[in-house]
Amino acid sequence: MSAISDKPNGRIHFDSRSILRGFRNPAGILLISLMLIVAGVSINYFFGLRGTMLLTLGQGQSDVYVDHHKAGIPADRVSLDFIIRLDSLSIEPHEQLYEIQLWRQDPSYSAFLAEGETPIPRRIAVFAAEQMKINKIRGTDFRFRLKELYPNFSFSYSYPEDTDTIQPKAPGIMLELKTAEGNAVVTLRSDVPNRDKLADILNLGAELEFHWDLPKDSLAAIRSNIEGSGNKILFSGSDRMVYYLFDGNIESRQLDNTSFYEIPGKAEMGFRMLHLFPDASYLQAIPKTEGNEFLNPVAKIEIWKHGQGYQEAFLYPDLKGRRGGQFQVPGTSYALTLGISQPHELQYTRSTLTLLDPANDDIKTQTLTHRKAITYRTDPYCLSGRGHRFSQAAYDPQNPDNITIRISHQPGNAVFFCGSLLMIVAVGVMFLRKNTV
């Protein structure tokens, strides 16, 4: 009987039995497909490559850090037989997204470090910056939640108005400095070693020094000691006075909370007195934000051990060369910090990569974009060459000339896909045979 035959009623009939004659043993096809799948997986495992590469703008790189996907095994470094060069990197304007990051000093990596090397913490988890959501730190009994995220963090300070009744146990002065680099708030304390002075690190042209009591003979002694060695601005707390010792001359003014005190010869620079206090224990600092633009982001969290009371901590990211603030979880190797979401940053990046042979001859050049943005960009997601595929993996705005790309070389994929296709065919044949018997 043919596959298509005429029936007495004139209708065309499809005879599947004749097709099944070509597949006498679908179980054999299934076995072959399984063998091909295993072979493809084995080829990828033993001869494939998955890893990352850190590229710097204008420089070529051939070293790849290989992923092992096994705890306690550090990333191996292998070299490709060609070079990848980052020719351009552009970032579209966007609003940065912040998240709480969990880092860990992994002891399992210490055994692989050379003598004198410091273990590098690994980021092992991220948490969305959702207020009041309780998050658990895995492997511990600690929980935390974001209490407040301040886009442009600062403190507002308050002190009791009636200071005459407060004994000078821990006296000090709080100043808002106006400098060429911007404004800064500093506090000088006479009860804390090395906190009563501030060297001229802000280019005010003078050193700042605070005394609660500054008798005339002490002022004269200070004046004689600094002649020819620099300028000083002295604050006397008990009588609310400020003394300018500039170029061997001395000038005094009364301190109050409303005046701006200019630096001699630098009218655009100076200071305001915020608080003059006899005891720092009465000084209250209240967190606040100066607007909603993310200029100085700080996260206030509450963290506690299960069944115990909580404590507050402030986290801030690495910004403009400033080291980020982190909270070390007590008794653990974990630390919490505020960080910029790299996957979010990656969505707005475009990079041009060039493949070169060892003689630096161009093989292929292509501009890449992030996969989520392909819907409105013409740039591709992946670059292929020499049997490898390259795609953008991470971008850190604190290192604007660097980008991490992901590299994949899977020579067993063709065998794996052939086996998968045969398996589909074998299962289909078995299904048809069952329904035609």
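None of the values given here were measured: they were computed from a predicted structure.
Within the 4.5 Å cutoff, the side chain of Tyr150 has no heavy atoms near those of the Pro297 side chain. Under the 4.5 Å side-chain criterion, counting only non-hydrogen atoms from C-beta, Leu175 is in contact with Phe235. At a threshold of 4.5 Å between non-hydrogen side-chain atoms, the residues Pro330 and Phe327 count as touching.
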Check: Step by step, would you call Thr52 with Arg406 a side-chain hydrogen bond (donor to acceptor under 3.5 Å, both in side chains)?
Finding: CA-CA 5 Å; Thr52 57; Arg406 179 157 291 282; 5.5 Å; no
Checklist line | Full working for ring-ring contact (aromatic ring centres under 6.0 Å, His included) between Tyr282 and Phe277 | finding: CA-CA 8 Å; Tyr282 289 88; Phe277 49 88; over 10 Å; no
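Other residues, nucleotides and ligands contribute more than 12 heavy atoms inside 6.0 Å of the CD atom of Gln131. No more than 12 heavy atoms of other residues, nucleotides or ligands sit less than 6.0 Å from atom CG of Asn194. Other residues, nucleotides and ligands contribute over 12 non-hydrogen atoms within 6.0 Å of the CD atom of Gln308. Crowding of Lys169 atom NZ: a count of heavy atoms from other residues, nucleotides or ligands under 6.0 Å not exceeding 12.
Using a 4.0 Å cut-off between charged nitrogen and carboxylate oxygen, Lys288 and Glu290 count as a salt-bridge pair.
The aromatic rings of Tyr348 and His94 lie parallel to each other, with less than 30° between the two planes, well short of the 60° mark. Taking the six-membered ring where tryptophan is involved, the planes of Phe155 and Phe314 are perpendicular, since the angle between them exceeds 60° and thus also 30°. Ring pair Phe144/Phe127 is perpendicular by interplanar angle, where above 60° counts as perpendicular and below 30° as parallel. Taking the six-membered ring where tryptophan is involved, the planes of Phe390 and Phe82 are perpendicular, since the angle between them exceeds 60° and thus also 30°.
None of Glu302, Glu130, Glu312 except one satisfies the salt bridge (charged side-chain N to carboxylate O under 4.0 Å, His left out) rule with Lys147; the exception is Glu302. Only one option out of Asn296, Asn152, Leu149 pairs with Thr289 in a side-chain contact (heavy atoms from CB on, under 4.5 Å); it is Asn152.
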Donor-acceptor pairs are to be reported for all side-chain atoms of residues 212-222 against protein atoms at under 3.5 Å, with residues two or more places apart or in another chain.
from   : atom 1 : to     : atom 2 : distance (Å)
Asp213 : OD1    : Ser238 : OG     : 2.9

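In this model, a donor atom of one side chain and an acceptor atom of the other lie less than 3.5 Å apart for Glu99 and Gln101.
Cation-pi geometry between Arg104 and Tyr334 is met: under 6.0 angstrom from the ring centre, within 45 degrees of the axis.
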